[in-house]
Number of protein chains: 2
Amino acid sequence: MTDTRNNLDTRERILDVAERLFMAAGYEATSMRMITGEAEVNLAAINYHFGSKEALLREVFRRRLAWLNSERLVILDELEAQAGAAALKPSQVLEAFFGTLLRMGEDPALGGMVFLRLLGRTLTDPADFIRTFFAGEYAEVIARYKRALFRSLPDVPKEEIIWRFHFMLGSMSYALAGTDMLQIVAGCEPNEASATNAEAARRLAARVMPFLLGGLRAPLPQFVDAVAQRDEAAGDAPARTVLTA
Amino acid sequence: MTDTRNNLDTRERILDVAERLFMAAGYEATSMRMITGEAEVNLAAINYHFGSKEALLREVFRRRLAWLNSERLVILDELEAQAGAAALKPSQVLEAFFGTLLRMGEDPALGGMVFLRLLGRTLTDPADFIRTFFAGEYAEVIARYKRALFRSLPDVPKEEIIWRFHFMLGSMSYALAGTDMLQIVAGCEPNEASATNAEAARRLAARVMPFLLGGLRAPLPQFVDAVAQRDEAAGDAPARTVLTA
DNA sequence: GTCTATATGTGGATAGAC
DNA sequence: GTCTATCCACATATAGAC
């Protein structure tokens with residue numbers, strides 16, 4: 001805990017730099033020498049403090065996910081306690097799950113947008129040790145929120161809810177990853193999504209939460225044809241029409 | 001074009017193996033020796049035929065994306081010709097864009113699910129040469145479909161459509177990537193989504209297209225509060241309610 | 001076009017002094 | 001806990017014979 005160099009622990013400094021470099025270049029393309037160089041620590045320090053490069057990546061995620069997923073459980077507990085015997089609304093469940101995540105982007109102490117982008121980019125990494133790690137970190141919170149969604153949508157087949165939970169995870173993950181695709185879609189502007197500050201997190205939240213809720217509550221597959229016919233009559237209008245109902 | 005080994009060109013065999021290995025392990029974690037080993041070609045063959053490992057990756061994608069994105073443009077041309085002066089429905093635009101993609105998963109000659117998974121996993125890769133490559137490959141088709149969506153949703157702010165197009169790309173990309181998250185969400189079954197056959201592509205399409213359309217047509221952000229109130233009265237019911245309207 | 005042999009660099013990890 | 005020095009496996013790429 002004593003600092004021989006500056007106000008930050010060597011161990012913490014390694015984690016901070018690793019988080020940023022893994023985000024910017026990916027795990028495989030980031031060498032331990034790049035990390036120790038930027039962190040201004042000795043090459044051997046990573047193995048001393050973490051044991052291996054793989055263990056370093058796990059620790060980078062563990063310190064953030066431990067907070068995130070325990071916070072998610074606490075919030076869900078609170079919501080369910082308030083609701084008593086009643087089921088939560090889907091929008092409440094989504095707000096608890098994804099809102100908690102997005103709030104990390106506004107707080108640099110929780111990793112900020114750097115961590116959110118890293119998370120989005122790493123969730124699709126095919127490396128076995130990464131998939132295994134995430135499976136363990138997410139198992140409990142996913143199970144709890146899945147049950148909450150089941151209760152909140154009692155008339156929707158559970159299998160459908162499972163798929164849509166997965167699709168929501170995907171939308172969010174990709175949006176956080178912050179590829180250049182948004183800029184390609186948008187045109188040429190150096191877009192807000194590639195920003196890494198707190199304001200970007202808020203803007204993203206405002207845009208993505210309605211999208212997720214719309215997807216979750218979309219017509220069920222077996223009804224899609226019927227809905228298409230209705231939409232044809234209505235001009236396949238945007239959901240603004242809900243206000244006129 | 002002459003085969004000294006079997007019925008497949010050396011060049012094509014390299015591309016096929018590279019596609020599969022890049023999918024399974026990622027670009028950085030796949031060595032040229034792994035590729036030439038499985039393809040049973042000489043190590044130097046990659047550099048002879050493609051010039052470099054980076055160029056090999058680009059060619060793996062180019063042979064698939066050239067077909068995909070030109071097909072997308074042809075289909076959009078046909079739809080717009082049929083529609084005449086009328087705007088397309090959003091569902092038609094989505095079907096043309098994402099349906100064409102998903103149909104590749106059913107045809108091994110177009111890469112099948114192996115290519116779709118590779119695409120989903122690579123779209124979030126941070127490597128500069130990959131982002132630059134995708135930007136070029138997608139620019140035209142994205143611009144065309146973006147305009148089609150603008151026309152199909154004239155009352156929705158263009159900025160909102162841009163964001164939702166991006167979110168849809170993300171949902172699809174992540175779903176194709178086929179991480180273990182679906183299995184985590186689902187429970188423990190060796191799930192259908194991790195299958196790589198044509199049937200998996202059809203099942204995914206049936207699940208994801210309604211989700212995308214629901215997200216695209218979700219209430220606009222400024223109306224979310226009002227919709228939440230309506231949903232509260234209606235019990236935040238699933239979209240099955242559209243049938244009763 | 002294909003192959004062998006090799007150039008040249010970098011990777012993660014560790015032994016052992018301090 | 002930190003540092004130097006080093007081990008050794010493996011990477012991409014190429015030169016040049018056939």
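What you see is a predicted model, and the numbers here were worked out from it, not measured in a lab.
Here B:Thr10 reaches the OP1 or OP2 of C:dT2: one of its side-chain N or O atoms lies under 4.0 Å away. Residue A:Asn42 places at least one side-chain N or O under 4.0 Å from the OP1 or OP2 atom of D:dT4.
Rounded to whole Å, atom C1' of D:dG1 lies 13 Å from atom CZ of A:Arg13. Regarding A:Ile46, its CD1 atom lies at a distance of 16 Å from the P atom of D:dG1, rounded to whole Å. The distance from atom CG of A:Leu43 to atom P of C:dA15 is 14 Å, rounded to the nearest whole Å. Taking atom CD on B:Glu54 and atom C1' on D:dA11, their separation rounds to 14 Å, with Å as the unit. To the nearest angstrom, P of C:dG12 lies 12 Å from CG of A:Leu57. The separation between A:Asn47 atom CG and C:dG12 atom P is 9 Å, rounded to whole Å. The OH atom of A:Tyr48 sits 15 Å away from the P atom of C:dT14 (whole-angstrom rounding). Between the P atom of D:dA13 and the CZ atom of B:Phe50 lies a distance of 13 Å, rounded to the nearest Å.
The stretch residues 25-36 of chain A comes close to DNA chain C through A:Thr30, A:Ser31, A:Met32, A:Arg33, each having a heavy atom under 4.0 Å from the strand.
By the ring pair (Phe, Tyr, Trp, His ring centres under 6.0 Å) test, B:Phe134 is found to be paired with B:Phe61, residues two or more places apart in sequence or in another chain being considered.
In summary, the aromatic rings of B:Phe115 and B:Phe22 are positioned with their centroids too far apart to meet the 6.0 Å limit. For B:Tyr27 and B:Phe129, the ring centers are positioned less than 6.0 Å apart. Taking the six-membered ring for Trp, B:Tyr174 and A:Tyr174 have ring centres at least 6.0 Å apart.
For A:Lys53, counting side-chain heavy atoms from C-beta on, the closest listed nucleotide (C:dG12, D:dC3, C:dC3) is C:dG12.
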> Yes or no on salt bridge (Lys or Arg N to Asp or Glu O under 4.0 Å) for A:Arg164 and A:Glu160, after CA distance, side-chain angles and deciding distance?
Replying inline: CA-CA 6 Å; A:Arg164 290 184 179 188; A:Glu160 193 67 38; 3.2 Å; yes
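With DNA chain D read from its 5' end, the first of the two nearest nucleotides for B:Ala44 and A:His49 is the one closest to A:His49.
Listed by first and then second residue, the salt bridge (Lys or Arg N to Asp or Glu O under 4.0 Å) pairs that reach into residues 96-106 of chain A are A:Glu95-A:Arg103, A:Glu106-A:Arg202, sequence neighbours excluded.
Contact annotation for B:Ala45: no contact, since no heavy-atom pair falls under 4.0 Å across all strands.
In this structure, B:Arg207 is not positioned above the aromatic face of A:Phe167 in the sense of NZ or CZ being under 6.0 Å from the six-membered ring centre and within 45° of the axis.
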